[in-house]
Amino acid sequence: MTSSSPLVGVLALQGDVREHVAALERLGVATTRVRRPEELAAVDALVLPGGESTTIARLARTFELLEPLRERIHAGLPVLGTCAGMILLADRVLDGAPGQETFGGIDMTVRRNAFGRQVDSFEGPVRVEGLAEPVHGVFIRAPWVEEVGAQVQVLARVDRDSTGGAAAGRIVAVRQGNLVATSFHPEVGEDSRVHGLFVDLVRGS
Ligand code: GLN
């Protein structure tokens with residue numbers, strides 16, 4: 001690859017793969033769907049979509065992608081995980097399904113289905129570090145981040161003005177090295193700015 005034209009894969013086992021491909025294509029980025037180890041080996045960066053983290057992890061094991069994914073993440077592959085994808089990047093999960101596995105990589109504890117349980121279908125403006133204007137955050141049975149390690153940079157929290165509920169002030173976007181995770185779905189709608197931040201990171205890595 002050249003640093004200006006990376007190939008960004010979208011893990012295509014389950015979830016809103018098409019929306020992520022569309023968001024990347026709006027930015028003019030070359031994308032491909034990843035279902036097999038050879039496809040993973042070919043990409044310069046990866047997106048883990050929203051969907052169902054337990055299903056994605058189970059299918060990753062079935063498709064013999066789980067260990068290759070862990071290895072590439074450990075080796076520094078840039079990865080953007082949204083919602084279920086955030087859970088998959090977490091080193092620790094609260095309220096997970098019994099035996100739930102993740103790929104890991106971000107030193108954080110996420111609470112699965114945190115918004116679904118306590119603040120159903122939350123939507124609102126989210127100010128993201130590095131973006132001048134807020135994004136419209138769509139949270140669908142989304143996790144939030146309960147605790148982060150020292151290496152983790154917090155990129156966004158739920159605005160205290162937009163909800164007085166249990167979600168107020170919760171961490172909903174983080175970065176650790178080449179790994180970025182959001183609780184919300186930046187792939188929904190026409191706004192590709194969060195993907196743009198990720199692609200900048202990929203080009204710089
Ligand atoms: N609740 C889902 C999970 O546990 C995530 C929801 C989503 O990605 N919209 O994986």
Side-chain angles (χ1 to χ4, degrees), residues 8-24 31 33-35 46-63 65-66 69-70 73 79-106 108-126 128 135-148 155-158 162-163 165-167 170-175 179-195 197-198:
V8 181
V10 179
L11 187 67
L13 301 174
Q14 188 265 338
D16 61 350
V17 175
R18 195 159 21 115
E19 288 79 357
H20 277 288
V21 170
L24 291 164
T31 69
R33 288 167 167 78
V34 170
R35 285 193 197 87
L46 187 68
V47 174
L48 306 176
E52 177 50 55
S53 56
T54 53
T55 305
I56 295 172
R58 191 163 34 76
L59 290 171
R61 186 170 277 292
T62 305
F63 282 64
L65 275 169
L66 192 61
L69 275 164
R70 285 177 173 158
I73 290 169
V79 183
L80 168 66
T82 68
C83 201
M86 170 186 258
I87 297 170
L88 291 165
L89 285 175
D91 283 349
R92 296 169 298 279
V93 180
L94 298 172
D95 293 339
Q100 176 159 8
E101 293 187 287
T102 72
F103 310 150
I106 300 183
M108 64 177 171
T109 305
V110 300
R111 185 173 296 279
R112 182 166 164 259
N113 298 338
F115 286 97
R117 207 158 282 163
Q118 299 178 46
V119 199
D120 252 328
S121 270
F122 176 73
E123 287 190 30
V126 180
V128 178
V135 300
H136 181 68
V138 177
F139 298 84
I140 306 165
R141 284 180 71 73
W144 66 44
V145 181
E146 294 246 339
E147 165 266 312
V148 294
L155 299 180
R157 293 178 182 269
V158 172
S162 58
T163 172
R170 293 286 180 178
I171 299 169
V172 291
V174 295
R175 173 178 176 184
L179 307 176
V180 177
T182 69
S183 302
F184 53 92
H185 288 273
E187 69 280 17
V188 172
E190 301 289 301
D191 184 352
S192 288
R193 285 176 298 153
V194 171
H195 290 78
L197 283 180
F198 177 63

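Order of listing sets the numbers, starting from 1, for every ligand and every atom in it. In this text the structure is predicted, and so the values were computed from the model without any measurement.
Ring geometry, F184 versus F139: the interplanar angle exceeds 60°, so the pair is classed perpendicular (tilted spans 30 to 60°).
In this structure R35 satisfies the salt bridge (charged side-chain N to carboxylate O under 4.0 Å, His left out) test with no other residue, sequence neighbours excluded. Here T55 pairs with nothing under the side chain to side chain donor-acceptor pair (under 3.5 Å) rule; sequence neighbours left out. By the side chain to side chain contact (heavy atoms under 4.5 Å, CB included) test, A97 is found to be paired with T54, Q100, R112, residues two or more places apart in sequence or in another chain being considered.
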Does ligand 1 have any N/O atom under 3.5 Å from a protein N/O, and what are those pairs and their distances?
unit_1	atom_1	unit_2	atom_2	d
ligand 1	1 (N)	N113	OD1	2.5
ligand 1	1 (N)	R141	O	2.9
ligand 1	4 (O)	S53	OG	3.2
ligand 1	4 (O)	R112	NE	2.6
ligand 1	8 (O)	G51	N	2.9
ligand 1	8 (O)	G51	O	3.1
ligand 1	8 (O)	A84	N	3.1
ligand 1	9 (N)	I140	O	3.0
ligand 1	9 (N)	H185	NE2	3.0
ligand 1	10 (O)	S53	N	2.5
ligand 1	10 (O)	S53	OG	2.8

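Here the CG atom belonging to L69 is positioned 5.0 Å from the CZ atom belonging to F103, to the nearest 0.5 angstrom.
Closest approach of I171 to S183, counting heavy atoms only: O-OG, 4.1 Å.
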